Amino acid sequence: MTQTGMFSESTRKPTRSTGPRYLPPNLRSPQNGNAAFLDAGAPEFTPSRFYSPQPARTTRGRGRGRGPRYTPRRNPNWEDEKFDELEVVDDTLEEVKVPNNLDAYEDIPVQVSGDNIPPPVKTFAEIDLGDCLKQNIRRCNYIKPTPIQRHAISIAVAGRDLMACAQTGSGKTAAFCFPIICGVLKHPLTVARRGGGGSGLACPFALILAPTRELSCQIYEEAKKFAYMTGVQIAVAYGGTPIYQQLRRLEKGVDILVATPGRLVDMVERAKVSLGMIKYLALDEADRMLDMGFEPQIRKIVEQMDMPPPGTRQTMLFSATFPDEIQRLASDFLSDYVFLAVGRVGSSTDLIVQKVELVQEMDKRNHLLDLLHSQRSNATPHSKHFLTLVFVETKKGANELERWLSRNGFPAIAMHGDKVQMEREQALRSFKSGATPILVATDVASRGLDIPHVAHVINFDMPKNIDDYVHRIGRTGRAGKCGLATAFFSDKNLPLAKSLTELMKESKQEVPSWLSQHAENYSAGTGSAGGWGRHGRGDFGGYDFRKDTASSSTYNNAYAVPAIDGYYAASAASVNVPYGYTYGYGSIVASGWD
DNA sequence: AAAAAAG
């Protein structure tokens, strides 16, 4: 029996205009040195100040091989400013209550569909997570759950399978880690995880899969914090590094294994890991994990090794985007699952100002230099420390652009999958620390990575599909901070015009008229014919694909703007939704954890 | 025609 209904919950309003600036709970820890950029006395970051557009030039005096050679070094200005000062936070902001009938556009909708949906919680306290875990949640300075956490944790703790779609930076990691840790704690600690008493076969209770090595590392680090002093054993397995240390760690016993697919398969085939005891399976960036390149490997792990079948394990899939053809694949892994969607455009993305500039391929480099010069000359004492993340299409292109920028006075470093793991991690560290404030990356860095202080994401080469664009720009505008995203749009990108226009409209961005024009002219057909990008329909994953078959057209009519989540609650609020709940929220608290 | 993920 499908539940239907519509609920509105009391909302909190973030205060932006007056008083101390709002700081998300997770950044309030005195140990969190990265909170420094939010220095209370500093002028607030505004994209317009950070960047003023300049016309593209077709020629420029700087040629290849001219200009000073770049030697990596620490940014000399970096140490002037303390990077670990703390924000003054007015805690009473937490208590500000706003009436339910808040302007609908302020609301972040949460849509839940499925059978017998466990109701959401309002606080961590009301869920039986166990004292240890709750203490860690407090230690991490999580005050209140974000919308994705309110719903997902409740659903997961109730033992239900889950497909969850929530915007970048909204706390997805915690949303699946808490229930998993809680579940592990509820099981008596057996010797199974120790490989049946020293047999060397690790039998984790929970498996978390992620698409890149760096992301597995990040999840592992987060999970360790959440599991601090609980006795829950966590290990990580990914490639590019000798397997021996990872195996030695596994021999000590593991409850939760965080892994990338290739290394995990290797370990299972070497009979070092058994998936036979898995009770929890979580896929982060699940749509990526099931795309063309990854799907066979994931199917192998989930369906062709010794993993218990759906229904006997609990499966949770998370991503910011969930195209319906991927939902269809994913449903193979799930049993009687709940679909949960939190507006993608809402909190995270409406803090990101999106610019699109028409640039010919051959002019891109000079245009980038113009942009960076402009950014540099507009820099305030604070914004000069902000980081810029430049996305390119190819690994070769990343190397070339790194070289070009470095030679032209902009310390940059490249990160891509052809570098050895040490170099990749070094590049990321150097970027995070500010030593190299520009990172030129392929899509290896587009998903999930939480890099504080990225104020500007530049799509030097546009991605082939709109979902990747969403993930890329989601590297900025995190944790309630503003961000700027600039796209270099060239002739090559015409197929993306329509979906990009739709996305920008839904996130209340100014769409250049030339882009709207292209969107109309080039209607991109539908689907992926002719390439590996998906264009067209603009279904950005904010709804449950099951509704297509589960319900009448009334349902679809209820979603005049089904695609880009953020604001459809405004229209859905006045109509009946026959397949699930729609909740309204005030702007959510971005937690900084994906 | 790409990136990622095992070595």
Side-chain angles (χ1 to χ4, degrees), chain A residues 207-220 236-247 250 257-273 275 283-302 304-305 319 321 326 361 389-402 414-425 427-428 439-449 459-472 475 490-496 528-535:
Chain A
L207 175 65
I208 300 170
L209 291 172
T212 65
R213 297 164 182 172
E214 287 77 12
L215 184 54
S216 348
C217 272
Q218 182 181 299
I219 296 167
Y220 169 64
V236 68
Y238 59 86
T241 178
I243 199 169
Y244 312 107
Q245 290 101 328
Q246 292 175 359
L247 289 178
L250 288 178
L257 181 58
V258 186
T260 49
R263 180 54 64 90
L264 177 69
V265 168
D266 190 4
M267 287 176 164
V268 173
E269 284 174 347
R270 292 177 190 220
K272 298 296 184 187
V273 171
L275 304 177
L283 302 195
D284 200 5
E285 309 296 344
D287 61 331
R288 161 67 82 240
M289 303 297 276
L290 289 167
D291 80 6
M292 284 190 350
F294 260 127
E295 190 200 346
Q297 247 179 322
I298 302 300
R299 281 201 187 274
K300 181 170 187 180
I301 293 167
V302 178
Q304 291 151 30
M305 297 184 118
S319 182
T321 52
I326 304 281
E361 289 294 326
L389 179 48
V390 182
F391 282 105
V392 295
E393 180 160 9
T394 64
K395 295 177 274 204
K396 185 160 162 278
N399 287 334
E400 288 169 358
L401 197 56
E402 171 198 56
M415 180 182 178
H416 57 71
D418 268 0
K419 291 198 166 193
V420 299
Q421 191 57 22
M422 284 265 288
E423 293 174 320
R424 281 167 58 160
E425 285 169 18
L428 194 54
L439 182 68
V440 183
T442 59
D443 273 325
V444 69
S446 65
R447 284 174 174 256
L449 295 187
N459 276 296
F460 184 89
D461 300 318
M462 284 293 273
K464 288 288 184 290
N465 69 62
I466 197 68
D467 291 337
D468 286 336
Y469 174 82
V470 168
H471 285 273
R472 286 178 174 190
R475 297 316 97 211
S490 80
D491 296 342
K492 276 172 59 181
N493 308 125
L494 285 176
L496 201 63
S528 54
W532 27 271
R534 292 189 355 272
H535 316 290

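The model shown is predicted, which means the values in this text are computed figures rather than measured ones. Labels below follow one simple rule: chain letters A, B, ... track the order of the sequence lines, proteins then strands, and each chain is numbered from 1.
Going from atom NZ of A:Lys419 over to atom P of B:dA4 covers 12 Å, rounded to whole Å. Regarding A:Asp418, its CG atom lies at a distance of 12 Å from the P atom of B:dA2, rounded to whole Å. At whole-Å resolution of the value, CG in A:Leu215 and P in B:dA5 are 11 Å apart. Atom pair A:Arg288:CZ and B:dA4:P shows a separation of 10 Å (rounding to whole Å applied). Taking atom NZ of residue A:Lys395 and atom C1' of nucleotide B:dA5, one finds them 11 Å apart after rounding to whole Å. One can place CD1 of A:Ile298 at 16 Å from P of B:dA4, the figure rounded to the nearest angstrom. Rounded to an integer number of Å, the gap from A:Phe391 CZ to B:dA2 C1' is 15 Å. Note: CG (A:Leu264) to C1' (B:dA4) measures 16 Å, nearest angstrom.
For A:Lys492, the side chain to side chain donor-acceptor pair (under 3.5 Å) criterion is met by no residue, not counting sequence neighbours. A:Phe294 pairs by the ring pair (Phe, Tyr, Trp, His ring centres under 6.0 Å) definition with nothing, not counting sequence neighbours.
With rounding to the nearest 0.5 Å, the separation of NZ in A:Lys396 from CG in A:Leu401 is 12.5 Å.
Contact between the side-chain N/O atoms of A:Arg213 and the OP1/OP2 oxygens of B:dA6 is found at a separation under 4.0 Å. Distances shown here put every side-chain N or O of A:Lys492 at or beyond 4.0 Å from the OP1 or OP2 atom of B:dA1. Within the structure, a side-chain polar atom (N or O) of A:Thr442 is placed less than 4.0 Å from OP1 or OP2 of B:dA4. A sub-4.0 Å separation between OP1 or OP2 of B:dA5 and a side-chain N or O of A:Thr212 is absent. In this structure, A:Arg424 does not reach the B:dA3 phosphate: none of its side-chain N or O atoms is under 4.0 Å from OP1 or OP2.
The nucleotide whose nearest atom lies closest to any side-chain atom of A:Val444 is, among B:dA6, B:dA4, B:dA2, B:dA4. In the set B:dA2, B:dA6, B:dA4, B:dA2 carries the atom at the smallest distance from any side-chain atom of A:Thr394. If you check B:dA6, B:dA4, B:dA5 against the side chain of A:Asp266, the one that comes closest is B:dA6. Of the listed nucleotides (B:dA2, B:dA5, B:dA6), B:dA6 has the atom at the smallest distance from the side chain of A:Glu269.
A salt bridge does not link A:Arg472 to A:Asp468: none of the charged side-chain nitrogens sits closer than 4.0 Å to a carboxylate oxygen. No salt bridge links A:Lys464 with A:Asp443; every basic N to acidic carboxylate O contact stays at or beyond 4.0 Å.
Note on A:Gly417: only backbone sugar-phosphate atoms sit closer than 4.0 angstrom, heavy atoms only; bases stay farther off.
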